[in-house]
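Okay, so here's the structure we're looking at.
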Amino acid sequence: YGIGWNTTSCLSDSLAAASKLGLPASAKSDNGCASNFFAVEFDELKNSFRITKAQSPEAVVVLPYLSIALQARRQEGREPYFSLDPVLPSSPDSKILHKIQAKKFAPEWLAATSAGDVLFQADYLLKELSMGARSQPCLGMRSALDRNAAPWKEG
């Protein structure tokens, strides 16, 4: 299904987006090359936001995803939404042979965007983790199957 996240294209897309927005000099590295890691910074004096070079991994924003989310908010008045839902036998979607789940995007145009693809992949991965189809990435995390197999403890 082509599931997987490609950091190379994601980061080069951020660089292209920053360039379209007029990449500020402060977003360039010490050697003069543009950095692929950006953050959004609030300027209290000007009451405005600007794109800057990210100072830590936690601050990194993928600019195309942010742009799509802001576009959805401005045009539709809501945040982007995705869900991978089971198809009920009485649903019109169930007429498609072997289809057991349906992708639901809001707004619908989100389906054709990179942000929509990431939302789908994240939802799919979380379902795999919760059902035990993948090993848990953090010590102490348990899938639904692990929790069901463990003895019940009060409190």
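Just so it is clear, the structure is predicted and the values come from calculations on it, not from any experiment.
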If I take atom [atom1] from residue [X] and atom [atom2] from residue [Y], how far apart are they, to the nearest 0.5 angstrom?
X	Y	atom1	atom2	result
Arg73	Arg78	CZ	CZ	9.5 Å
Leu66	Phe49	CG	CZ	10.0 Å
Asp117	Thr113	CG	OG1	8.0 Å

If every non-hydrogen atom of [X] is compared with every non-hydrogen atom of [Y], which pair is closest and at what distance?
X	Y	answer
Leu45	Asp43	N-OD1, 3.0 Å
Ala69	Pro80	CA-CG, 3.7 Å
Ala39	Val61	CA-CG2, 4.4 Å
Tyr65	Val118	OH-CG2, 2.9 Å
Ser114	Pro64	OG-CB, 4.4 Å
Gly116	Phe105	O-CE2, 3.5 Å

Checklist entry - Could you go step by step and tell me if Phe82 and Lys103 meet the side chain to side chain contact (heavy atoms under 4.5 Å, CB included) rule? => result CA-CA 7 Å; Phe82 172 80; Lys103 293 179 181 180; 3.7 Å; yes
Checklist outcome for this item: Residue set satisfying salt bridge (charged side-chain N to carboxylate O under 4.0 Å, His left out) with Asp123, at least two apart, ordered chain then number -> Lys127
Checklist entry - Listed by chain and number, what are the salt bridge (charged side-chain N to carboxylate O under 4.0 Å, His left out) partners of Glu41, not counting sequence neighbours? => result Arg50
[X] versus [Y]: any side-chain heavy-atom pair under 4.5 Å?
X	Y	answer
Tyr81	Glu76	no
Ile68	Trp109	yes
Leu129	Leu125	yes

Checklist entry - Within a radius of less than 6.0 Å around CD of Gln75, do more than 12 heavy atoms belonging to other residues, nucleotides or ligands occur? => result yes
Checklist entry - Got a sec: does the CZ of Arg74 have more than 12 other heavy atoms crowding it under 6.0 Å? => result no
I'd like to know if [Y] and [X] are part of one continuous hydrophobic network [Ile/Leu/Val/Met/Phe/Trp/Tyr, side-chain heavy atoms within less than 4.5 Å].
X	Y	value
Val40	Phe38	yes
Met141	Leu126	no
Leu84	Leu119	yes

